[in-house]
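Before any comments, here is the structure.
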Protein chains: 2
Amino acid sequence: MYYKKLPRRERERLRRRNEMLAAALKLFSEKGYHNVSMHEIAQRAEFAIGTLYKFFRNKEDLYKTLVRSTAEEYHRILKDVLDQETNVLSSVKNYIAAKAEFFSDNFITLRLYFAETQGTSFNIKAGLDQDVRKLYNEIIEQLSSTFGKGVQEQVFRKLDPYYMAVALDGIINSFLLSWMEDPKRHLYKKGVPIITDIFLSGVLIKGGNRTN
Amino acid sequence: MYYKKLPRRERERLRRRNEMLAAALKLFSEKGYHNVSMHEIAQRAEFAIGTLYKFFRNKEDLYKTLVRSTAEEYHRILKDVLDQETNVLSSVKNYIAAKAEFFSDNFITLRLYFAETQGTSFNIKAGLDQDVRKLYNEIIEQLSSTFGKGVQEQVFRKLDPYYMAVALDGIINSFLLSWMEDPKRHLYKKGVPIITDIFLSGVLIKGGNRTN
DNA sequence: CTTATTTGTGAATAAATATTCACGTCATGA
DNA sequence: TCATGACGTGAATATTTATTCACAAATAAG
């Protein structure tokens, strides 16, 4: 509803900028930061190398912009889910579904996500790393607090809420990863109920083996 | 018991080679493939740059050698655990413990492991990726077959064994990751029973919510 | 239509770093 | 002790790629 708010010049400028970001996202996602050259990005976006530098101070700036905006969207979506005023069990279920859905919408982003949160964010110079990690941790903390509430309400067993959050996120990530590697074999829609089920009920046949 | 099997010359040569690999491992693990120069590795290992090239054809060769040997050790250890003739429940518990122990022994390797299995292995040119991934998948498949046996023996619920394997590995990895980020806060020894417990029994208080 | 301003271009430059190789150095065996 | 070959060295070279900037094209203003 706010279209046309900006002058034509500005809008065109933004469109160009987005084209460059899109090209960069695709390339970074496929090959990783250091295996993509500025020339390559410019070429893919069909601009001259100089133009690219008119929009972004340097390669790192371009990359940071990309990752930041992605991270912020990720953060916003999951935070919204956890902020919703429902019972804790629904919150957790919604969290699982929302995370899966976010990435199924843009497969490409998933690669960037793993590159930044797992393993190799130490590839890029400091600075960005911290910010993205912080957003990621905030979500884990909030998920953790949801579990804390659940424990008090006696919906969940009396386990450390933080570890529950870590465990859940780990399961989801490993399903996302296997989906990323072979999208045909591991449909994500099929994964959501399985994740939920395993996490909530465990894999043992009887509750009798519980240590607690 | 096989010391002295090799001539002095050869042994010294191997020792030198290992020093170079050790220096490389440390640097790659800390900064990632592209942020480490051959000069840096040579300097750290206290050899001239030319010497490094006498031992390894090029940078990629050095890196591949490193990752391959690490991956092979990882593979061997976990395969041994799963091959052990015990009941399925013990196998799974041992798997959890063995994986945690392997990485607690060499923290540094953990970084390399995440770089290769998660997210950014697509950073390095093809070839290596495939081999390492293959070893990793073999373990998941074997874990999966253990779960299959467990389902038949009615130890585990009737869920897809492959997904159980994916889920378990995901939980373990996320605990390892949080340990890597803050070793003081998340002691790995403390993590093992929690992982086991959550995975086997789930987080819900009652078994009544089970969907199956 | 002319001028001014903004924006796009890509050859040229700068910097980083992977790789080579002509030359010492050292150990071994005669 | 000397000759020989294996090994180590690091300055020099090759290559890749990030970044700049003088100029051209397009657009807006008068």
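What's counted below: heavy atoms across the whole structure, side chains too, no hydrogens, waters or symmetry copies. What you see is a predicted model, and the numbers here were worked out from it, not measured in a lab.
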Just how far, in rounded Å, is [atom2] of [N] from [atom1] of [X]?
| X | N | atom1 | atom2 | answer |
| --- | --- | --- | --- | --- |
| Glu12(A) | dT6(C) | CD | C1' | 13 Å |
| Leu62(B) | dT17(C) | CG | C1' | 15 Å |
| Ile49(A) | dT20(D) | CD1 | P | 11 Å |
| Lys59(A) | dA18(D) | NZ | C1' | 8 Å |
| Arg16(A) | dT6(C) | CZ | C1' | 11 Å |
| Phe56(A) | dT19(D) | CZ | C1' | 16 Å |
| Arg15(B) | dG8(D) | CZ | P | 10 Å |
| His34(A) | dT17(D) | NE2 | P | 12 Å |

Can you tell which of [options] lies closest to the side chain of [X]?
| X | options | answer |
| --- | --- | --- |
| Met38(B) | dT9(C), dG10(C), dA18(C) | dA18(C) |
| Lys54(A) | dA11(C), dT19(C), dT9(C) | dT9(C) |
| Tyr53(B) | dG8(D), dT9(D), dA18(C) | dA18(C) |
| Ser37(B) | dG8(C), dT19(C), dT17(C) | dT17(C) |

What's Thr51(A) touching, base or sugar-phosphate or nothing? Going by heavy atoms closer than 4.0 Å.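 The answer is base, as Thr51(A) lies within the cut-off (heavy atoms under 4.0 Å) of a base atom.
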
Categorize Phe55(B) for me: base, sugar-phosphate, or nothing, with a 4.0 angstrom heavy-atom threshold over every strand shown.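 Counting heavy atoms under 4.0 Å across all strands, the contact made by Phe55(B) is with sugar-phosphate only.
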
Euclidean distance, Ser174(A) OG relative to Ile195(A) CD1, rounded to 0.5 Å: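 Nearest 0.5 Å value for the CD1-OG distance: 7.0 Å.
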
Ring centers of Phe56(B), Tyr63(B) separated by less than 6.0 Å: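 No, the ring of Phe56(B) stays outside the 6.0 Å limit from the ring of Tyr63(B), centre to centre.
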
So, for Tyr163(A) and Phe147(A), is the gap between ring centers shorter than 6.0 Å?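 No, ring centres 6.0 Å or more apart.
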
Do Arg68(B) and Glu72(B) sit within salt-bridge range, that is, some charged N less than 4.0 Å from a carboxylate O?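 Judged by the 4.0 Å cut-off on N to carboxylate O distance, Arg68(B) and Glu72(B) do not form a salt bridge.
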
Is Arg157(B) salt-bridged to Asp197(A), going by a charged N under 4.0 Å from an acidic O?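 Judged by the 4.0 Å cut-off on N to carboxylate O distance, Arg157(B) and Asp197(A) do form a salt bridge.
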
Which is more 5' along DNA chain D, the nucleotide nearest Gly50(A) or the one nearest Val36(A)? Just name the residue.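 So the residue in question is Val36(A).
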
